[in-house]
Amino acid sequence: MSPTASFLGVAALILSSTLPHFAFGSEAEFIGHWEGTMVREGVPLQVSFDFQGSGPHLSGTFTSLTQKAMDYPLTALAVHGDAVHFVLGDSMVFNGTLGATQITGTFTDDGAKGDFGLRRTVANPMPYAAVDVRFRNGPVTLSGILCIPRSPGRHPAVVLLQGSGGETRWGTNRFIADRFARAGIAALAYDKRGSGASTGDWKMSSYDDLANDAIAGIDLLASRSDIDAKRIGLHGHSEGGIVAPIAAVHAPSKIAFIVVEDTVAGFVRDQDVYRVSHQIRQAGLTDAQVERALDLYKLMIEVLRGAKPYGELETASQPVRNEDWYQWLAIPPKDSYLWTWYPKVGNLDTLVFWKQVHAPVLLIYGERDQLEPVDESVAKIEAALDGVKTPYTAVIVPNAQHNLTVQPEPGAPFFWWKAAPGLVDLVVAWVQQRTAESH
């Protein structure tokens with residue numbers, strides 16, 4: 001689910017599954033920290049890039065604090081003399097000219113064009129330590145980064161969970177870890193199993209598996225002398241918000257609080273139908289096509305979760321395979337991982353776990369989330385928590401999408417989409433209050 005969210009074009013910054021290609025030129029002039037602006041339609045966005053390494057190890061990262069993205073890896077990078085070329089995600093392409101203290105050029109993003117200018121500067125030192133860590137859950141090795149305050153004492157801590165798909169520690173979770181660490185709270189961001197430097201395969205795993213990964217992260221933090229084992233919690237967005245209450249039920253004595261954003265309240269399969277029903281209605285189809293597409297999608301979900309045989313889907317699909325709406329649905333082929341993975345997740349009812357959560361909860365939804373029924377989801381989780389007298393705070397963020405960003409309306413003047421203002425600060429303050437109360 002996580003949506004997650006991308007960083008300069010919602011779907012544009014999903015990291016490419018192919019290995020980065022690097023070429024080399026004036027590396028000595030290129031390596032370092034660069035800050036500046038990207039300008040599209042006259043609107044600037046403050047950004048920074050970091051380039052490091054040499055030879056085959058040359059690499060780069062992107063940061064936009066406005067968009068809650070930090071140290072996001074570039075997918076391609078080339079330097080030939082004073083010509084610089086790099087790619088962010090799958091579609092944002094930069095071409096520039098390298099000078100002694102600046103890089104200037106243009107970028108394109110799915111047909112949109114703009115200019116960018118960067119200047120070489122020295123990055124401000126972090127007020128915390130950021131160390132690479134590894135921990136294990138059975139045969140799976142999870143790799144991540146631990147941001148820990150430099151101040152003395154045993155710190156409260158939070159484990160940051162991933163959204164759906166192959167998410168890594170970089171981008172949003174790295175930004176959130178930075179904000180926590182600056183506030184005196186240690187934060188662990190790690191690559192989801194089967195992603196980044198972590199082993200295993202999320203496509204073969206259940207939510208129980210992911211919850212046990214999170215608990216292994218808690219155990220890593222609890223083993224450290226600079227972290228207070230009684231003040232460790234979880235933060236999860238979208239799919240991470242499914243995993244968090246499961247972990248809280250599996251290990252109630254280890255989890256002091258949970259923060260959950262834009263997550264499923266009820267059966268996962270029902271959320272999938274809700275999400276796709278919105279997308280279908282926005283796809284420009286006729287009413288009749290929408291009805292037929294939804295019927296077939298609901299049948300596919302029933303087959304995926306194991307409630308109906310695959311033959312029923314084949315029979316229903318055969319006469320409509322050439323229809324545009326059928327192509328839009330993108331029914332997975334029979335050899336897709338979805339047929340073995342979905343029964344492990346689609347049949348899960350998250351409310352079963354919410355009714356057993358006793359750790360304090362901060363529950364957050366974006367007002368304009370079209371992947372979850374916001375009011376209904378908040379009401380269901382509130383009722384579950386009320387039933388066991390669990391303390392909670394519920395927040396609906398004005399104008400925010402599922403990934404908790406604010407974006408221009410269709411046809412409205414362009415502005416760079418941005419993270420919902422003040423939200424991360426609110427989350428950090430809530431955790432500070434909760435961990436101070438329990439100290």
Side-chain angles (χ1 to χ4, degrees), residues 31-35 46-53 59-73 120-135 142-162 168-191 196-198 214 216-236 254-259 362 419 422-439:
I31 299 305
H33 179 72
W34 301 78
E35 296 181 358
Q46 298 295 317
V47 297
S48 66
F49 291 84
D50 288 273
F51 305 107
Q52 54 273 326
S59 63
T61 58
F62 161 83
T63 294
S64 168
L65 300 184
T66 301
Q67 297 188 325
K68 203 169 62 173
M70 189 170 179
D71 295 341
Y72 195 85
R120 181 191 295 279
T121 186
V122 177
N124 293 324
M126 298 293 185
Y128 56 85
V131 295
D132 291 331
V133 295
R134 285 188 171 188
F135 54 100
L142 290 310
S143 297
I145 186 171
L146 174 60
C147 299
I148 189 157
R150 300 186 189 277
S151 55
R154 294 168 66 83
H155 304 285
V158 60
V159 176
L160 304 175
L161 308 178
Q162 312 84 11
T168 68
R169 74 194 82 171
W170 309 115
T172 297
N173 271 357
R174 177 65 183 90
F175 173 86
I176 295 172
D178 172 88
R179 300 295 112 169
F180 272 118
R182 290 176 184 271
I185 302 165
L188 170 64
Y190 62 97
D191 302 334
S198 292
I218 289 174
D219 290 341
L220 168 73
L221 297 179
S223 70
R224 295 178 59 100
S225 61
D226 50 3
I227 290 178
D228 185 346
K230 295 182 179 180
R231 295 190 291 160
I232 303 173
L234 297 173
H235 176 289
K254 296 181 179 182
I255 297 172
F257 61 87
I258 58 176
V259 179
L362 175 58
L423 178 58
V424 175
D425 292 337
L426 182 152
V427 171
V428 171
W430 183 88
V431 172
Q432 283 180 311
Q433 181 183 35
R434 279 295 171 184
T435 54
E437 290 174 357
S438 62
H439 187 38

Side chain to side chain contact (heavy atoms under 4.5 Å, CB included) partner of Arg174, chosen from Thr172, Ile176, Asp178: Asp178
Result of checking Ile218, Asp219, Leu188 against Phe135 for side chain to side chain contact (heavy atoms under 4.5 Å, CB included): Leu188
Where [X] and [Y] come nearest, the two heavy atoms and their spacing:
X      : Y      : answer
Val133 : Ile145 : CG2-N, 4.3 Å
Leu161 : Ala214 : CD2-CB, 3.5 Å
Glu35  : Ser48  : CG-CB, 3.9 Å
Gly144 : Arg169 : O-NH1, 3.2 Å
Val159 : Gly217 : CG2-C, 4.1 Å
Phe180 : Ala187 : CB-CB, 4.0 Å

Atom [atom1] of [X] and atom [atom2] of [Y]: how far apart are they, to the nearest 0.5 Å?
X      : Y      : atom1 : atom2 : answer
Ile232 : Ile227 : CD1   : CD1   : 6.0 Å
Gln52  : Ile31  : CD    : CD1   : 7.0 Å
Lys230 : Arg154 : NZ    : CZ    : 9.5 Å
Leu234 : Ile258 : CG    : CD1   : 7.0 Å
Ile185 : Ile148 : CD1   : CD1   : 12.0 Å
Leu220 : Leu146 : CG    : CG    : 7.0 Å

Asn173 and Tyr190: side chain donor to acceptor below 3.5 Å: no
Residue that, paired with Phe62, satisfies ring pair (Phe, Tyr, Trp, His ring centres under 6.0 Å) out of Trp34, Trp170, Phe49, Tyr72: Phe49
Just wondering, do [Y] and [X] contact through their side chains at under 4.5 Å, heavy atoms?
X      : Y      : answer
Phe257 : Leu362 : no
Leu142 : Ser198 : yes
Thr63  : His33  : no

Non-neighbouring partners of Ser151 that pass side-chain contact (heavy atoms from CB on, under 4.5 Å), sequence neighbours left out: Pro149, His155
Flag if over 12 foreign heavy atoms under 6.0 Å of CZ, Arg150: yes
Backbone of Arg231 reached by a side-chain donor or acceptor of Thr435 within 3.5 Å: no
